[in-house]
K.L.:
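Have a look at the structure that comes next, please.
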Amino acid sequence: MSENQRPVRVRFAPSPTGYLHVGGARTAIYNYFYAKAMGGTFYLRIEDTDRKRYNEAALHDLLRDLKWLGLQWDEGPEVGGPYGPYFQSERLDIYARAVESLLEKGLAYYCFCTEERLEEVRKAQEASGQAVSGYDRKCRDLPLAEARARLAAGEKAVVRFKIPLDGVTGFVDQIRGSIETRNALLDDLVILKRDKYPTYHLASVVDDHAMGTTHVLRGDEWISSTPKHVLLYQALGWEPPVFCHLPVILAAGGGKLSKRKGAASVGDFRDQGYLPETLVNFLALLGWNPGDDREVMSLDEMIAKFTLDRINPKAAAFDEKKLEWMNGQHIHRKDTAWLAQYLRENLEAQGVDTASVSQEKMIGIADLLKTRVHFLKDLPGMSRYFFIAPETYDEKARTKAWGPGSRQTTTAVREQLAQLSSFDAPSIEQAFMSVCTRLDAKLGVLVHPVRLAVSGVAAGPGLFELLEVIGQAEVLRRLEIAEPLMG
RNA sequence: GGCGAGUUCGUCUAGCGGUCCAGGACACUGGCCUCUCACGCCGGUAACACGGGUUCGAGUCCCGUACUCGCUACCA
């Protein structure tokens with residue numbers, strides 16, 4: 001069966017009941033990648049058929065988070081499209097028609113069993129240790145006319161799908177191969193609930209067909225029900241899409257990912273300071289690899305290499321250490337002007353007035369610091385001393401760097417620096433060197449006290465570059481302030 | 001319980017019968033660079049769940065066992 005002539009249409013179909021989980025995010029990522037890689041369409045469909053669990057805020061956050069990740073959908077909420085509506089709650093008549101046709105063909109039936117009775121049946125089966133559990137099909141052979149009469153009389157019913165009593169149903173999963181199940185093991189599933197809303201099984205099958213879906217990439221919790229879906233496609237006379245079930249994402253020690261174990265939702269990671277490109281890159285690599293050793297990649301680079309057959313069927317644990325490393329890598333690759341802009345905006349919150357600071361200086365700072373942070377939000381605090389003279393000097397560094405003689409060498413350096421007509425890193429280095437020879441001292445002896453005096457801390461970018469960015473007058477001023485403190 | 005899926009270094013993974021005494025990345029660690037901290041570079045420790053087959057040959061194929069996860073809802 002090679003009907004891959006049809007343009008690829010894939011979807012992300014979340015249920016707006018909670019926050020966008022990283023597992024869901026990765027499902028969205030793979031769908032998005034596949035659509036883009038194949039020149040197809042990525043649409044967003046909201047599966048809001050569970051009225052009890054529906055959550056307006058969750059829907060809002062979901063759309064926000066997908067956009068933040070950069071996974072803009074081609075069709076769906078807010079943007080519309082030719083296959084709408086994209087909310088299942090607005091497609092009830094479409095499901096009703098499908099149900100009606102199944103009913104007419106005798107492939108589905110009304111079931112009047114109460115939840116209490118179903119519960120009893122379940123209990124009885126458990127007690128007898130029966131192999132096959134599930135609905136006992138009491139209403140399966142109820143004549144349609146009789147059922148309709150009872151409905152007309154005011155009785156309530158659900159609609160169940162008639163699973164063939166024997167035979168085998170299978171499908172080919174794109175990443176796992178052939179999967180088969182004996183029909184006898186399958187339950188006559190409910191397809192239309194008492195409240196006239198469809199269940200997931202019916203709604204997803206009807207919509208995936210109606211919306212022209214060519215490939216279904218979804219979580220592997222659906223593997224067990226896929227044969228039921230295949231049977232539904234057959235009953236409705238439709239060609240099933242290609243299925244591809246994605247493995248779950250586990251917490252670091254194994255087990256479910258949760259807020260308690262750190263973070264679980266896209267929002268959590270955003271709040272922690274991760275870049276969207278980091279999260280997409282990392283999540284994509286959790287269960288997929290590009291076929292070479294590349295790891296740090298942009299969205300476009302990943303799309304260019306994305307294929308379904310390189311998805312791994314194995315569940316993967318989420319390693320935050322690697323995520324953090326990767327975030328540093330992405331910050332490193334960020335455009336310096338962009339980082340400078342970020343700095344400017346976030347420095348205000350630190351009480352630093354950046355209005356008078358030149359763009360050139362901002363870029364210089366961003367350039368010096370970008371290999372030194374794993375999180376963007378650490379940048380403003382780390383750059384503080386470029387704008388404001390240190391109010392305190394790191395205590396530990398002080399005892400180490402400011403020893404006997406520090407004052408003398410620092411003064412010598414200051415006097416040398418004061419004579420510079422051009423205050424750039426190479427000239428500054430030369431100045432230091434000449435003091436070194438004159439005093440017969442090693443460079444480190446001069447550098448450490450000066451660094452602490454100027455920045456207040458022991459670690460940071462190369463001192464010459466740092467001094468250049470701070471500027472001659474300010475450097476001299478800071479040195480003068482610190483010298484008396486050196487003892 | 002039944003059914004299904006999965007199982008390579010601590011973690012993410014490469015591997016699609018011989019080129020694997022198993023390769024890359026994170027973490028850990030030794031070193032280089034160097035004015036410090038990062039970055040970068042060079043090196044090290046560390047894995048084919050177990051047991052049977054098939055084969056001249058198995059991490060790679062088959063069958064069991066174990067473990068993990070999922071489904072077994074008028075939730076998705």
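A, B, ... follow the sequence lines: proteins, then strands. Residue 1 opens every chain. Hydrogens, waters and symmetry mates play no part in the numbers below; they use all other heavy atoms, side chains included. Computed from a predicted structure; not experimentally measured.
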K.L.:
With a 3.5 Å limit on both atom pairs, tell me what rG64(B) is paired to, counting Watson-Crick and G-U wobble, or say none.
P.N.:
rC50(B)
K.L.:
Between rC12(B) and rA66(B), how many Å separate the two P atoms, rounded to a whole number?
P.N.:
24 Å
K.L.:
Does rC16(B) have a Watson-Crick or wobble partner in any strand here, with both distances under 3.5 angstrom, and which is it?
P.N.:
none
K.L.:
Do F318(A) and F269(A) have ring centroids that are under 6.0 Å from one another?
P.N.:
yes
K.L.:
Is K193(A) near enough to rC75(B) that one of its side-chain N or O atoms lies under 4.0 angstrom from OP1 or OP2?
P.N.:
yes
K.L.:
In whole Å, I'd like the distance from the CD atom of Q329(A) to the C1' atom of rA27(B).
P.N.:
14 Å
K.L.:
Rounding to a whole Å, what distance do you find between D293(A):CG and rC26(B):P?
P.N.:
11 Å
K.L.:
In whole Å, what separates the P atom of rA14(B) from that of rC9(B)?
P.N.:
12 Å
K.L.:
Using Watson-Crick or G-U wobble geometry with both distances below 3.5 Å, tell me the partner of rC74(B), or none.
P.N.:
none
K.L.:
Report the nucleotide, chosen from rG40(B), rC12(B), rA76(B), that has the shortest atom-to-atom distance to any side-chain atom of D50(A).
P.N.:
rA76(B)
K.L.:
Tell me whether K322(A) is salt-bridged to D319(A), with the criterion being a basic N under 4.0 Å from an acidic carboxylate O.
P.N.:
no
K.L.:
The criterion is side chain to side chain donor-acceptor pair (under 3.5 Å); which residues satisfy it with R160(A), sequence neighbours excluded?
P.N.:
none
K.L.:
Counting Watson-Crick and G-U wobble pairs only, both distances under 3.5 Å, name the nucleotide matched with rU34(B), or none.
P.N.:
none
K.L.:
Is there a Watson-Crick or G-U wobble partner for rC69(B) with both distances under 3.5 Å, and which nucleotide is it?
P.N.:
rG4(B)
K.L.:
Please list, one pair per line, the donor and acceptor atoms closer than 3.5 Å that link side chains of residues 278-286 of chain A to other protein atoms, with sequence neighbours excluded.
P.N.:
residue	atom	partner	partner atom	Å
T278(A)	OG1	N327(A)	OD1	2.6
N281(A)	OD1	M297(A)	N	2.9
N281(A)	OD1	H330(A)	NE2	2.8
N281(A)	ND2	E295(A)	O	2.9

K.L.:
In whole Å, I'd like the distance from the CG atom of L285(A) to the C1' atom of rU11(B).
P.N.:
13 Å
K.L.:
Is it possible for you to check whether R45(A) lies under 6.0 Å from the centre of the six-membered ring of F87(A), through NZ or CZ, and within 45° of that ring's axis?
P.N.:
no
K.L.:
Describe the nucleic acid contact of P247(A) in one word from base, sugar-phosphate, nothing, applying a heavy-atom distance below 4.0 Å.
P.N.:
nothing
K.L.:
Please determine, for rU11(B), whether a Watson-Crick or G-U wobble partner exists with both distances under 3.5 Å, and give it or none.
P.N.:
rA25(B)
K.L.:
Closest-nucleotide mapping onto RNA chain B: is V373(A) or R53(A) further toward the 5' terminus? I mean the 5' end.
P.N.:
V373(A)
K.L.:
Between L323(A) and N312(A), name the one whose nearest nucleotide on RNA chain B is closer to the 5' end.
P.N.:
N312(A)
